[in-house]
Amino acid sequence: MGNVAIGEINKRSQKFEELQKKVAYVLFAGVMLVLLQAFFCLTLVGTVTNTVSNRSHFMHYSQLYFKFCSMLLTVFLLTYYIVKIYVNVEKSTLKLGKFTQDHLILFPFAFMLIWALISTFKSPYFEKSLYGAGYINEGYFTVLQYAVVFLSAYAIRDEIKWAKEAMLWTFICMAGLICFVFIGIEVTNYSIPTSLKAGVFNNSNHYGYFLAMSSTATFGALVYSKKKWQIFLSAILLPLNIFNLLACNTLGANIAYIGGIFFIICSGFITKKLNWKRLLVACVLSGVVNFIIEISGRTNMWESYVQLFKDIKRVISPGEGGSGGNNSSAGTGRFGLWVRTIAVIKQVPWFGKGLDLYHGNNIYDTSLDVSHNEYITMASNIGIPGLVMYLGTVIWWFVRAVKARKVLTICDLTLLAVTFSYLISAVFGNSFTYTYPYLLIFLALSMQKSYDREGKYKKLQEKNHELAKVNSTAAAA
């Protein structure tokens, strides 16, 4: 009778394991829908009035699309974990200690969600902090959407073996197609009204941050890929990406792309997976496009770099060029906003002023625009503790990658570089609902499992000890 009961349990567990796999595929499809959000920049749809916050602002249809995607993902994510927990309980493989250790990196994010909720309740405009009130439209509900997207990508990163590569190449191909269409529009002089402003990017800055990621991804694919079709495709798409990136004339995105290249070179050298010949080809392609667009006068990027270095000098040596206050630009016209936002942070350092409160909604500085720096924005929105948790998670993400460097795949290296490039662009802008979901997806996909060196060393010692016993027994016999 006991064997029959065990057999029934095994059959039931097997059925639920199959169900778990199917739900994982559905979850993968949901994350892919979020990834495809950028295609909204090619549509002619405009904006819709947000009726929640007293009709205080408008929303792009792409933002509504993101909301519906996150709702679907919430259902899929809950279903996936319910089934997964049931399977582990049935098989008696659910160990709370090991689970906590494997997913400890998620705890700072959980702390951030709780802290952001407290900040929302402490906000002088609770309703607007809850639903969002500015052009970014980032209330607490949006923060929950971010959490769902991140956790969904995190859940499938190891559940489906080919998920990482599929999402990376979907992103590369999508960005390449968008770049091709925009170049075609420019060549044919075909007018599409609000082609960027009605889409997911809202303006050229957000489009630039997206292109910094796509250019880094395409650059990494060209350098690391081993399949011929991937090398050929990335070689074609890289110049298109770089042309659009430079045409955006966005300094932060430019610096992010350079940082992404630096990351690719360093990580490839450390892991001994760098193809130097293809690295040279990728650099030459980038340099040629950069040279052509610079001498054509299409961009003033060089002037922006010169101004950036002057501003840095002002900050380092205040006596030589002022104190680096509101008159400085940090090469992008943003330094004054940073200084004024830091002043707001000093007034409300613990819980911030509340989410998405700028312009007339900001009682601490009614004239203050968004700070165009995600890190400063985060500190002003939910307080310094929230920012510390965020930066701690990013550092932890990087440390895990360094520890797992020997087992990193080509896809992992590219995803890490793409994430790194966005983290740099975040110093010069805050894209949030426009391109921020891409960071969440790539950050989650590139997160490595906890690497227990000590545990592996102990297991190796135990095996060696057992082998020594066997050898000694055999020798005695």
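Hydrogens, waters and symmetry mates play no part in the numbers below; they use all other heavy atoms, side chains included.
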**Q.** Tyr209 and Tyr422: CA distance, side-chain angles, deciding distance, ring-ring contact (aromatic ring centres under 6.0 Å, His included) verdict
**A.** CA-CA 7 Å; Tyr209 307 143; Tyr422 183 89; 7.2 Å; no

(Q) The test is side-chain contact (heavy atoms from CB on, under 4.5 Å); show your working for Glu159 and Tyr25 and say whether it passes. (A) CA-CA 9 Å; Glu159 185 74 32; Tyr25 283 117; over 6 Å; no

Q | ring-ring contact (aromatic ring centres under 6.0 Å, His included) evaluation trace for Phe182 with Tyr207 | A | CA-CA 12 Å; Phe182 281 145; Tyr207 185 39; 5.4 Å; yes

Q | Criterion side-chain contact (heavy atoms from CB on, under 4.5 Å) on Phe263 and Ile424, from CA distance to verdict | A | CA-CA 11 Å; Phe263 191 97; Ile424 293 177; over 6 Å; no

Q | Stepwise side-chain contact (heavy atoms from CB on, under 4.5 Å) check, Val394 with Thr419 | A | CA-CA 10 Å; Val394 170; Thr419 307; over 6 Å; no

Q. Does the pair Lys122 and Lys353 meet the rule for a side-chain contact (heavy atoms from CB on, under 4.5 Å), with working shown?
A. CA-CA 8 Å; Lys122 286 181 168 290; Lys353 59 181 175 48; over 6 Å; no

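The main-chain N or O of Lys67 is found under 3.5 Å from a side-chain atom of Ser70 such that the two form a donor-acceptor pair. Distance alone, capped at 3.5 Å, is enough to place a donor-acceptor pair between the Tyr140 side chain and the Leu113 backbone. Between the side chain of Arg340 and the main chain of Leu337, no donor-acceptor pair closer than 3.5 Å is present. Side chain of Ser421 to main chain of Gly260: no donor-acceptor pair is present (N/O by atom type, distance under 3.5 Å, no hydrogens or angles). Under the 3.5 Å distance criterion, the side-chain polar atoms of Ser123 are matched with a main-chain donor or acceptor of Tyr125. Using modelled atom types, one side-chain atom of Arg157 and one backbone atom of Met447 make a donor-acceptor pair closer than 3.5 Å. The backbone N or O of Asp412 lies less than 3.5 Å from a partner atom in the side chain of Thr409, making a donor-acceptor pair.
More than 12 non-hydrogen atoms from other residues, nucleotides or ligands lie less than 6.0 angstrom from CZ of Phe126. Residue Lys21 qualifies as enclosed at atom NZ: its count of foreign heavy atoms under 6.0 Å is above 12.
The CG atom of Asn205 sits 10.0 Å away from the CG atom of Leu251 when rounded to the nearest 0.5 Å. Distance CG/Leu151 to CG/Leu106: 6.5 Å, rounded to 0.5 Å. Remark: Leu240 CG to Leu245 CG distance equals 12.5 Å, nearest 0.5 Å. Here the CD1-CG distance, from Ile178 to Asn241, works out to 9.5 Å after rounding to the nearest 0.5 Å. With values rounded to the nearest 0.5 angstrom, Cys266 atom SG is found 8.5 Å from Phe420 atom CZ. Remark: His206 NE2 to Thr250 OG1 distance equals 10.0 Å, nearest 0.5 Å.
Across every non-hydrogen atom of Leu73 and Val31, the tightest pair is CD2-N, 3.6 Å. The shortest heavy-atom contact between His372 and Trp338 is O-NE1, 3.4 Å. When all heavy atoms of Gln448 and Ala401 are compared, the closest pair comes out as CG-CA, 4.1 Å. Residues Phe219 and Ile264 share a closest heavy-atom pair of CD2-CD1, 3.7 Å. Residue Glu138 comes nearest to Asn381 through the heavy atom pair OE1-ND2, 3.9 Å, listed as atom of the first residue, atom of the second, then distance. Heavy-atom minimum distance, Gly429 versus Glu374: O-CG, 3.3 Å.
Salt-bridge check for Asp356 with Lys128: failed, with every basic side-chain N at 4.0 Å or more from each acidic carboxylate O.
In this structure, a donor-acceptor pair under 3.5 Å is absent between the side chains of Thr341 and Tyr364. Between the side chains of Tyr86 and Gln20, no donor-acceptor pair is found at a separation under 3.5 Å. A side-chain N or O of Tyr257 and one of Ser286 form a donor-acceptor pair less than 3.5 Å apart. Side-chain contact check for Ser234 and Thr218: no donor-acceptor pair (N or O, by modelled atom type) lies under 3.5 Å.
Remark: aromatic rings of Phe150 and Tyr436 are distant, center separation not under 6.0 Å. Aromatic ring centroids of Tyr390 and Trp115 lie 6.0 Å or more apart. When ring centroids are compared, Phe351 and Phe121 stay outside the 6.0 Å threshold.
Residues Thr393 and Trp397 have side chains not in contact (no heavy-atom distance under 4.5 Å, counting atoms from C-beta outward). Taking 4.5 Å as the limit, every side-chain heavy atom of Phe262 sits out of range of all side-chain heavy atoms of Ile258. Leu177 has its side chain out of reach of Cys173: every pair of non-hydrogen atoms, C-beta onward, lies at least 4.5 Å apart. Proximity of Cys69 to Gln37: side-chain heavy atoms (C-beta onward) are nowhere separated by under 4.5 Å. Residues Leu104 and Trp396 have side chains in contact (heavy-atom distance under 4.5 Å, counting atoms from C-beta outward). The side-chain heavy atoms of Leu408 and Leu416, taken from C-beta on, include a pair separated by under 4.5 Å. Side-chain contact between Phe442 and Tyr438 is present, with at least one heavy-atom pair separated by less than 4.5 Å. Put simply, the side chain of Met112 reaches to within 4.5 Å of the side chain of Met378, judged on heavy atoms.
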